[in-house]
A.B. asks: 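Have a look at this one.
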Amino acid sequence: MTAAELPVGDDLTTLESHILSEEQRHAGASGTFSWILAAMTLSAKIISSKIRRARIEDVLGSIGSRNASGDDQQKLDVIANETLLRCLGSRAGVALLASEENDQPIILHTEEDRPYCILFDPLDGSSNLDACVSVGTIFSILHHDSHADPIETSLLQPGTKQVAAGYMLYGSSCVFAITTGSGVNLFVLDPTVGAFLLVQENVRIPGAAKSYSINEAYRSRFPEGYQRYLDWAHGNGYSSRYIGSMVADVHRILIKGGVFLYPPTTGNPDGKIRLMYEANPLAMIVEQAGGKAYAGTTPLLEIQPKALHQRTPVIMGSPTEVDHVLEHLATSP
Ligand code: AHM
Ligand code: MG
């Protein structure tokens, strides 16, 4: 009798089993991380299904109030935020939760055996929801410093300290991108079985692509270096793509290459993007895929945060494309 061969195609792996097998490679791992990721995937499935039924359930549109960052809150911002808080709030190992939608962080536990803090933007790009444009959840995981005093200061760590980061993109398919510091893996939700399946390991961002992503309507309010970069790009055959959901724009750049920019403007000298909830996690993903991320001329992940909701200028994407922007910033006053 001859041995049977595996059926055609590669092994099928879910996000949960992938994380479990990664954890088993670390001696002494407690499994806490897997529990947290299971909460993230559950949140993603709930939020994804809410978005798909939003028009039917009449949960589109604004609720008429503003969040901690001063943005108009959508009904689905609140639903996504509550879903994440409910899924993560009871997980072992989580000390602190911080959301772009909440003024203050939530202190879950103060015991020493709570090793993680989780920060998230529940629904990035939510102002586009009424038009059925892709939106996403962005998250960042940090080690908790149980000696931090007051305890909330444990959250104020630079992006270089992130243990893991990722996003769930609710687009034509529901994608889960994650890094734990050794490359980026991509999973897609198979709605027929309710599981995120691994579709690509160790994603690499294209080294160059003649494409930029910026709200060019604000051009006259950008510092001179950004305006000169845009002139240079116009003269060099670049095309422009701007979805207006950073998570979707950055995902497109991860797959197809290019550069995402949200510069300072005369009205907002620090730009619009939130450092802790949007810029840091997406920068970790981009860098882990071989790209670069800067805040002006400073490496983005090295910024020491001073406040939870602080904003930062952003340049991230393919290494060659980020370099072109930096060259123009370096030669401008
Ligand atoms: P949000 O978190 O309130 O949705 O705001 C952030 C979003 C980003 O996703 C996007 O890149 C940016 O705002 C778009 O801003 P603008 O309309 O100024 O171009
Ligand atoms: Mg956002």
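Atoms within a ligand are numbered from 1 in the order they appear, just like the ligands themselves. Numbering starts at 1 and runs along the sequence shown. Just so you know, these numbers come straight off a predicted model, no measurement behind them.
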A.B. asks: Looking at non-hydrogen atoms alone, which of R274, K272, R311, Q73 comes nearest to atom 15 (O) of ligand 1?
C.D. replies: K272
A.B. asks: Measuring from atom 4 (O) of ligand 1, which candidate in G125, G271, A248 has the nearest non-hydrogen atom?
C.D. replies: G125
A.B. asks: Are any of the side-chain heavy atoms of V135 and I51 separated by less than 4.5 Å?
C.D. replies: yes
A.B. asks: Looking just at side-chain N and O atoms, do S62 and Q74 make a donor-acceptor pair shorter than 3.5 Å?
C.D. replies: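 Not at all, the side chains of S62 and Q74 share no donor-acceptor pair under 3.5 Å.
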A.B. asks: With a 4.5 Å heavy-atom cut-off, do L15 and L198 have their side chains touching?
C.D. replies: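 Answer no - side chains too far apart.
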A.B. asks: Check the angle between the aromatic planes of Y116 and H143 and answer parallel, tilted or perpendicular using the 30° and 60° thresholds.
C.D. replies: parallel
A.B. asks: Which ligand 1 atoms, with their elements, are less than 4.0 angstrom from a heavy-atom of Y242?
C.D. replies: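 Near Y242, the atoms of ligand 1 are 11 (O), 14 (C), 15 (O), 16 (P), 19 (O).
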A.B. asks: Can you list the atoms of ligand 1 that are under 4.0 Å from a heavy atom of E278?
C.D. replies: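 This gives 2 (O), 6 (C) as the contact atoms.
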A.B. asks: Taking everything shown except R219 itself, do over 12 heavy atoms lie less than 6.0 Å from its CZ?
C.D. replies: yes
A.B. asks: Among side-chain atoms of Y212 and H324, is any donor-acceptor pair under 3.5 angstrom?
C.D. replies: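 The criterion, which ignores hydrogens and geometry beyond distance, is not satisfied for H324 and Y212.
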A.B. asks: Counting only heavy atoms not in R86, do more than 12 sit closer than 6.0 Å to its CZ atom?
C.D. replies: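 Check fails, neighbour count at 12 or below.
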A.B. asks: Side chain or backbone of D121 under 4.0 Å from ligand 1, or both, or neither, by non-hydrogen atoms?
C.D. replies: side chain
A.B. asks: Polar contacts were defined as any N/O atom of the residue lying under 3.5 Å from an N/O atom of the ligand; does this apply to M246 and ligand 1?
C.D. replies: yes
A.B. asks: When only distance counts, is S245 in polar contact with ligand 1, meaning an N/O pair under 3.5 Å?
C.D. replies: no
A.B. asks: Need the ligand 1 atom indices (1-based, order shown) with element for anything under 4.0 Å from a heavy-atom of G244.
C.D. replies: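 Answer for ligand 1: 9 (O), 10 (C), 14 (C).
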A.B. asks: Does the side chain of L85 reach to within under 4.5 Å of the side chain of I106, using non-hydrogen atoms?
C.D. replies: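 The answer is yes; the side chains approach within 4.5 Å.
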A.B. asks: Suppose I only count heavy atoms of S126 and a 4.0 Å limit; which atoms of ligand 1 are within that range?
C.D. replies: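 In order of numbering, the contacting atoms are 4 (O).
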A.B. asks: Look at ligand 1 and say whether Y218 reaches it with a heavy atom at a distance under 4.0 Å.
C.D. replies: yes
A.B. asks: I want to know if ligand 1 touches D124 in the polar sense, i.e. an N/O pair below 3.5 angstrom.
C.D. replies: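 Yes; at least one N/O pair falls below 3.5 Å.
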